[in-house]
Amino acid sequence: QVQLVESGGGLVQAGGSLRLSCAASGDTFSSYCMGWFRQAPGKEREFVGAICRSGGSPYDADSKKGRFTISRDNTKKTVYLQMNSLKPEDTAVYYCAAARYYTTVARVYDYWGQGTQVTVSS
């Protein structure tokens with residue numbers, strides 16, 4: 001069993017940055033691929049990226065490359081989403097999730113956090 005708690009969301013102006021954190025409980029954090037998703041009102045949940053081992057290359061969704069960076073610290077059982085050059089269209093609830101293997105498909109992820117709101121003003 002893994003419990004996930006996101007933090008770090010908030011209101012930021014366009015062009016600004018935010019770093020989201022996702023803290024996990026449980027003893028098997030390092031064995032999970034950790035993904036980030038987001039969901040804007042009226043839209044489907046969208047894959048942002050995932051990282052499958054500490055120091056490994058994160059798998060960033062193509063559309064976010066260059067602006068978003070995912071990292072993890074297995075000693076702290078935490079995964080991070082660094083978001084730079086934010087745009088109003090990045091406004092959404094951001095979720096972290098844990099899966100046994102790399103996937104972009106939300107329904108495959110076994111555990112989810114409650115989400116944290118990110119609002120980017122123009």
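Positions are given from 1 along the sequence.
Considering every non-hydrogen atom in both Gln39 and Ala92, the closest pair reads O-CB, 3.4 Å. Closest of all the heavy-atom pairs between Ala14 and Pro88 is CB-CD, 4.1 Å. Shown here for Ala99 and Asp110, the closest heavy-atom pair between the two residues is CA-OD2, 4.1 Å.
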Could you walk me through whether Tyr32 and Arg100 pass side chain to side chain donor-acceptor pair (under 3.5 Å), step by step?
CA-CA 5 Å; Tyr32 283 91; Arg100 293 288 185 181; 3.0 Å; yes
Test Arg72 against Lys77 for side chain to side chain contact (heavy atoms under 4.5 Å, CB included), laying out the working first.
CA-CA 8 Å; Arg72 68 188 291 166; Lys77 298 183 180 179; over 6 Å; no
Could you walk me through whether Val79 and Ser71 pass side chain to side chain contact (heavy atoms under 4.5 Å, CB included), step by step?
CA-CA 6 Å; Val79 62; Ser71 61; over 6 Å; no
Quick one, Cys22 with Trp36, criterion side chain to side chain contact (heavy atoms under 4.5 Å, CB included). Give me CA distance, side-chain angles, the key distance, then yes/no.
CA-CA 9 Å; Cys22 173; Trp36 284 98; 3.8 Å; yes
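For the pair Tyr109 (side chain) and Thr103 (backbone), a donor-acceptor distance under 3.5 Å is present. Remark: side-chain polar atoms of Gln82 are not paired, donor with acceptor, to backbone N or O of Ile70 under 3.5 angstrom. Between the side chain of Thr91 and the backbone N or O of Val120 there is at least one donor-acceptor pair closer than 3.5 Å. Checking side-chain atoms of Gln114 against main-chain N and O of Glu6 turns up a donor-acceptor pair under 3.5 Å.
Side chains of Thr78 and Asp73: a donor-acceptor N/O pair is absent below 3.5 angstrom, by distance only. One side chain, Tyr94 or Arg38, offers a donor N or O that lies under 3.5 Å from an acceptor on the other.
Figure legend: cation-pi geometry between Arg45 and Phe37 absent, as NZ or CZ is not positioned both under 6.0 Å from the six-membered ring centre and within 45° of its axis.
The distance from the NZ atom of Lys87 to the OG atom of Ser122 is 14.0 Å, given to the nearest 0.5 Å. The structure places SG of Cys96 at 9.5 Å from CG of Leu20, a figure rounded to the nearest 0.5 Å. Tyr101 OH to Cys33 SG: the interatomic distance, rounded to the nearest 0.5 Å, is 10.0 Å.
Residues Val118 and Leu81 share a single hydrophobic cluster, defined by chaining ILVMFWY side chains whose heavy atoms lie under 4.5 Å apart. In the hydrophobic cluster analysis, where Ile, Leu, Val, Met, Phe, Trp and Tyr join through side-chain heavy atoms closer than 4.5 angstrom, Val12 is grouped apart from Tyr80.
By the side-chain hydrogen bond (donor to acceptor under 3.5 Å, both in side chains) test, Thr104 is found to be paired with no residue, residues two or more places apart in sequence or in another chain being considered. In this structure, Tyr95 has no side-chain hydrogen bond (donor to acceptor under 3.5 Å, both in side chains) partners at least two apart in sequence or on a different chain.
Within a 6.0 Å radius of CD in Gln3, no more than 12 heavy atoms belonging to other residues, nucleotides or ligands are found. For Glu89, the CD atom counts as densely surrounded, since its 6.0 Å shell holds more than 12 non-hydrogen atoms of other residues, nucleotides or ligands.
Under the side chain to side chain contact (heavy atoms under 4.5 Å, CB included) rule, Leu18 has a single partner from Thr119, Leu86, Asp90, which is Leu86.
Looking at heavy atoms from C-beta onward, Phe68 lies in side-chain contact with Val48 at the 4.5 angstrom threshold. Side-chain contact between Phe29 and Asn74 is present, with at least one heavy-atom pair separated by less than 4.5 Å.
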